[in-house]
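As the structure lists them, so they are numbered: ligands from 1, and atoms in each ligand from 1.
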Amino acid sequence: MSDPIFPPAHPFDFDAVRDPDDGDKLKEECGIFGVVGVTDAANFVALGLHALQHRGQEAGGIVSHHPDHGFNSARRFGYVRDNFTRASLMETLPGQLAIGHVRYSTAGSKGQTQIRDVQPFFGEFSMGGAAIAHNGNITNAEALRRELIERGSIFQSSSDSECIIHLMARSLQRDIPARMEDALRRVEGAFSVVAMTRTKLIGVRDPLGVRPLVLGKVGDGWCLSSETCALDIIGAEFVREIEPGEMVVITAEKGVESSRPFRPAKPRFCIFEHVYFSRPDSIIGGRSVYETRRQIGVELAREAPVDADLVCPVPDSGTPAAIGFAHESGIPYGMGIVRNQYMGRTFIEPTEQIRNMGVRLKLNVNRALIKGKRVILVDDSVVRGTTSRKIKEMILDAGAAEVHFRIASPPTAWPCFYGVDTPQREKLLAATMSEDEMCAHLGVDSLKFISLDGLYRAVGEAEGRDTKCPQYCDACFSGEYPVEPADMIEKGFQMKAAE
Ligand code: SF4
C-alpha cells in the first residue's frame, strides 16, 4: 500500500481548526464512512466524510482498493474539503471499494497528533490486506496494548484502535471477517467499525451499540456511515441501522450478509448523540434528531418555566431546543446571538490578543433584539461553564434586563470513556457544584437543566428512564457506566458508589 502524496512537512496548525472555547464542549471523536460497488468509491467517501466533518475536524483519511492498483491510502490533517477535493489526490485512490475516517484527537494530545495516528489503519495478513476505521473508544486498550507488545506486536501509532489490527494478526481464523470477530471479542468499550478487504466492505457495532452506524444503498452499491446525513449527500437511500452486536459483510456480488458474533446484550446507545453530537438532519432510531431536540425544548419549558420576553438559542446546537421551548412556553423566539459561520480557518496564526477575544470570535449579540429584555438562553450543555459565563456577559453588556439559562441536557458530571472527549471529572462544573451553586457561579438570574427523565421522554421513552435497566448510555449524567472503564480504573478513576 502506498501513500503517494505525502502530507505537508510543516507542522499542522491545530488552532486553525480548534474552537477558541475548546474544552467547554464535549467533542465526538470520529466519523466513519465506507462504500462498495460504485465507480470511484473514494470520491463518495470524501463526500460522506465531508458531511460527517462535525464528528472530527483535525484529520481525515481514505483507503481504497483497485484490482490492478492494490490498496492505496491518503491521510491528511485538516478539513476534508481542503484535501480530498483535489483531483490530483483523488486520482491516487482508484477502485470501487473505499473507506474513510475523520478524527478529532483528544484535547490533551494537542500538538502531539501525528499523521501515523490518522485512520484508517491497514494490516497485511496472509490472506490479504485489510483496512479499518473505528469510531468509539476501547476501554481496555492499554491492557491489550501491553499484552500485545509483550507478545511481539510493533505498534505504529498511539491510537487505541490499532489494537484491533494486531489482535486480528494474532487470530488463527482463515478469513478476515472471522479474524475481526476474534479481535473484537477481546475489545471492551464502544466501537462502530467500518473495514475493508480487497472485495468486502465490513461494518460492526459493539454489543451495546453505543456509537451509531447505518447502512445505505447507492446505485448498485452499498455504503456504511456514522450518520444518515452522509447518505443524503451522495444520494444514497437509507436502508437501516446496523444493529447493536451485528456484523455485516457486504460484497458487490452477494450484497449484505449479516451475523451476530457477540453475546447478546441490552442496547445502550449514547443518548448524547440525540442532544448534541449528531447533525440535526440525521435520523437516529427512526427519529429525526431535529425533532428530538425540539421536543427536549418542549420538555424543558414544562419542567422549568420562567417569566421572560425572549427565547434565544446559543447557536447552533441549542437552536431546535430553543424553538421547542418558545413554542411550548408561548414566549417569542429570536436570534439574540448570531454565529460567525467563517470562524475556524479565519485566523491561521491567531495572536494572543485574538485568542483572548474567545467566544466573541464566533458569537455576536444582536443588540437591537436583546436590549431591555428578560432573555432565556437555551444551550445544549454546560461542561466547564467558561463559555456560558462569557455569553452571559455579552448578553448583559448588550443591555438585557435578566438572563436565564435553560440547558437541553442534564448536568454533565462524569467523563465519557466511549469515544467522546471530556475534561477530567474535576474540571466538569456539575461534578463539583449543585445547580444553585452553578447558577451563582455563572452569575445568571436562573439556571435549570432538563431532568434525565425529561430527556428520556424527549427521545421517545414515554415512561422516562428505567432506573433498573436504562435504555440508553447516559453515564456522563448518571455516573452509571454500562461498560466498566478498566484502563481508567487502573489509573485511579473512582466509579460512582452503588446506591
Ligand atoms: S458517557 Fe455520555 S457521551 Fe459518552 S457514550 Fe455515554 S451518553 Fe454518550
Quick one about Glu162 and His166 (side-chain donor to acceptor, distance below 3.5 Å, no hydrogens or angles considered), yes or no? yes
Identify, by atom number and element, the atoms of ligand 1 in contact range of Cys476, meaning under 4.0 Å from any of its heavy atoms. 1 (S), 2 (Fe), 3 (S), 7 (S)
Here the atoms of ligand 1 under 4.0 Å from any heavy atom belonging to Cys270 are 3 (S), 5 (S), 7 (S), 8 (Fe)
Just wondering, are more than 12 heavy atoms of other shown residues or ligands nearer than 6.0 Å to NZ in Lys448? no
For Val210, counting its heavy atoms only, list the atoms of ligand 1 lying under 4.0 Å from any of them. 5 (S)
Element-labelled atoms of ligand 1 that are located less than 4.0 Å from some non-hydrogen atom of Arg211: 5 (S)
Whether His274 and Tyr472 hold their rings parallel, tilted or perpendicular, with breakpoints at 30° and 60°: perpendicular
Short check: any N/O/S atom of Cys473 below 2.8 Å from atom 6 (Fe) of ligand 1? yes
Give me the residue, atom name and distance of the protein heavy atom closest to atom 4 (Fe) of ligand 1. Cys416 SG, 2.3 Å
Taking Glu227 as the fixed residue, which of Arg211, Arg279, Arg55 is the one that meets the salt bridge (charged side-chain N to carboxylate O under 4.0 Å, His left out) rule? Arg55
Between His101 (side chain only) and His134 (backbone N and O only), is there a donor and an acceptor less than 3.5 Å apart? yes
